[in-house]
Amino acid sequence: IINMAVEQLIATVLFCFLVGRSNAKQPNFVILFGDDWGYGDLGANWKDGEGATPNLDKIAEEGIRFTDFHVGASVCSVSRAALLTGRLGVRNGVVHNFNEQSLFGLPRTEKTIAEILKPAGYRTGIIGKWHLGTTPGYHPTFRGFDRYLGLPYSVDMGCTNDAWYDKPVKQACPGPEHGMPQKGNQLPIPLYMSNGTNCSGEESNSCNGDIFQQPANYHELSDLYSAYAAEFIHNATTDPAPFFLYVPFSHVHVPQYTTPRNAGKSGRGPFYDSLMELDETVGVIMDSLKSAGVDDNTLIFVTGDNGPWEVKCNLTGSKGPYEGLWQKNEGKGGSSAKTTLWEAGHRVVGLARWMGTIQPRVSNATVSSLDFLPTILSVAGIALPSDRVFDGIDISSVLLHGSESGHETLFHPNSGASGPDGKLDGVRWKNWKAIYQTGGAPACDGSKGVVARHDPPLLFDLSKDPAEEHALDTSQEPYKDVVTQIAALLAQQMHSVNSTMHSIVNYDTDVKVEPCCDAPNTCHCTPK
């Protein structure tokens, strides 16, 4: 049963968005960002997603569906930092995930999209998973966001009042009668609600005062997110300021959860129930934009943080055609998706929609989530900060003028499977893909493959071999020359990184900063 306070909030804000129109002239921006969401988990992309994503498929139909869209890394925190800063981890400092006890987060020397848009007059909000720091200075309301409703990190980094679908099953928290739970990922996962600058609890080096509920109730979480998004968008009817809304979903990361009405809805198991609930929330957001009269003045991007987490077997998604077959065969098993350099790790769903401004089409341009920041600033008429180098590019010509000119070169970092974290061991140049590091990520059967360093790198022609099955003979031309060109591009990139402004993350931890609403007691709090 939904707590009365939550139920009342949902009813109130869902009513609000049904009334009014907005006269905003500057464009609004919405980023919808799935979690562990594979390229094949969109019906418009691949058969595995058919029937599960009608609202997302409509966005694809009404906008641009990218076939060659990439993210800045193939793991959570690193990908999120790349999206929000337009810079790879070798520049922004975030090269592996933060945990529940991280003292710090995305470096303060970095500027997020929200930190640039807010001083330019934008309202800014985030709904969902943050995963870039929980302490003062790193919490979302310190990073340019006016409002925040969401979880501080992944849904498996804490417990709730129920067991949920995971491998192994994610067990429920011990009740508050058992006293303070064990620290680590057994602590009840908090749901934050922050409004305004900074947060409550700074005096204790925490944002614990902004914890709305602990543990978060996954039975009602999607409805709460939908209501909060609807209310944020509805405010455009009375506030002439343009807005930026960032919605990093927790779906479809394990443990998979749904509201009671969506349990079993897909008939295909918990993963697809979760995917359908994500799509349902997208539908509420799209309806809210229309109801607020801002649908034709809002640029929407849709993507995910990385590809499927294969070790979770039937609780993960679809890689589509990007099978990474060399890893399965020559590499002796292991995953070729999340945390790896294979296409399925970083090549994901990519959509852009701006009703009446973007002409619907399928684009084969090579583009990236790194491009969101420079493109948003370009469209908003805001200059890029001049004190740093960005890895993203302005793709407004692709969006608005039908250009197919995206990146000629993309760099992909090691993201936890093997090799030094953040090292650029994957390089895309034109249709060629070089991989210097393989193995180390577990597949469903537990195999990790052989961890191997390749020098010269494995080379694939993605135009003929999107499944990355056949490594080309780099001792022969023209492949030998291609590898030489790629090595030069990589050296040029690293010279740029080392000779220009770049940040360093402090990954120190302390159990004392793990979020707890009533520390040092039971970490159980009902909605305020």
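In what follows, every heavy atom counts, from backbone to side chain, and hydrogens, waters and symmetry copies are set aside.
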> So, N329 side chain and L325 main chain: donor-acceptor pair closer than 3.5 Å or not?
Replying inline: yes
>> Tell me every residue that passes salt bridge (Lys or Arg N to Asp or Glu O under 4.0 Å) with R261, counting only those two or more places apart in sequence or in another chain.
In response: D223, E280
> By ring-ring contact (aromatic ring centres under 6.0 Å, His included), which residues pair with Y246, not counting sequence neighbours?
Replying inline: none
> Are the side chain of S447 and the backbone of G449 linked by a donor-acceptor contact shorter than 3.5 Å?
Replying inline: no
> Which residues pass the salt bridge (Lys or Arg N to Asp or Glu O under 4.0 Å) test with K111, sequence neighbours left out?
Replying inline: none
> Donor-acceptor pair, N55 side chain versus D279 backbone, under 3.5 Å?
Replying inline: yes
>> Can you list everything that forms a ring-ring contact (aromatic ring centres under 6.0 Å, His included) with H407? Sequence neighbours excluded, please.
In response: none
> Backbone N or O of P420 within a donor-acceptor pair of the N414 side chain at under 3.5 Å?
Replying inline: yes
> Sequence neighbours excluded, which residues qualify as salt bridge (Lys or Arg N to Asp or Glu O under 4.0 Å) partners of K58?
Replying inline: E62
> What pairs with E468 under salt bridge (Lys or Arg N to Asp or Glu O under 4.0 Å), at least two apart in sequence or on another chain?
Replying inline: K433
>> Would the distance check show the side chain of S418 and the main-chain N or O of G439 forming a donor-acceptor pair, the cut-off being under 3.5 Å?
In response: yes
Report, one line per pair, each donor and acceptor closer than 3.5 Å where one atom sits in a side chain of residues 43-51; sequence neighbours left out.
| residue | atom | partner | partner atom | Å |
| --- | --- | --- | --- | --- |
| N45 | OD1 | R65 | NH1 | 3.0 |
| N45 | ND2 | Y39 | O | 3.1 |
| D48 | OD2 | S318 | OG | 2.5 |

>> Minimum heavy-atom separation for F98 and V505, please, with both atom names.
In response: CE2-CG1, 3.6 Å
> Under 3.5 Å, side chain of Q256 to main-chain N/O of D166, donor-acceptor pair present?
Replying inline: no
>> According to ring-ring contact (aromatic ring centres under 6.0 Å, His included), who are the partners of W309, at least two apart in sequence or on a separate chain?
In response: H253
> Going by the ring pair (Phe, Tyr, Trp, His ring centres under 6.0 Å) test, which pairs reach into residues 67-95, not counting sequence neighbours?
Replying inline: F69-F372, H70-H346, H70-H412
> With D421, which residues qualify under side-chain contact (heavy atoms from CB on, under 4.5 Å), at least two apart?
Replying inline: V95, H96
> D146: what forms a side-chain contact (heavy atoms from CB on, under 4.5 Å) with it, not counting sequence neighbours?
Replying inline: K118, R123, T124
> Is there a disulfide bond (SG atoms under 2.5 Å apart) between C517 and C523 once you walk through the steps?
Replying inline: CA-CA 5 Å; C517 58; C523 304; over 6 Å; no
> Mind checking what makes ring-ring contact (aromatic ring centres under 6.0 Å, His included) contact with H139, not counting sequence neighbours?
Replying inline: Y148, Y192
> Do F243 and Y122 have their ring centres less than 6.0 Å from each other?
Replying inline: no
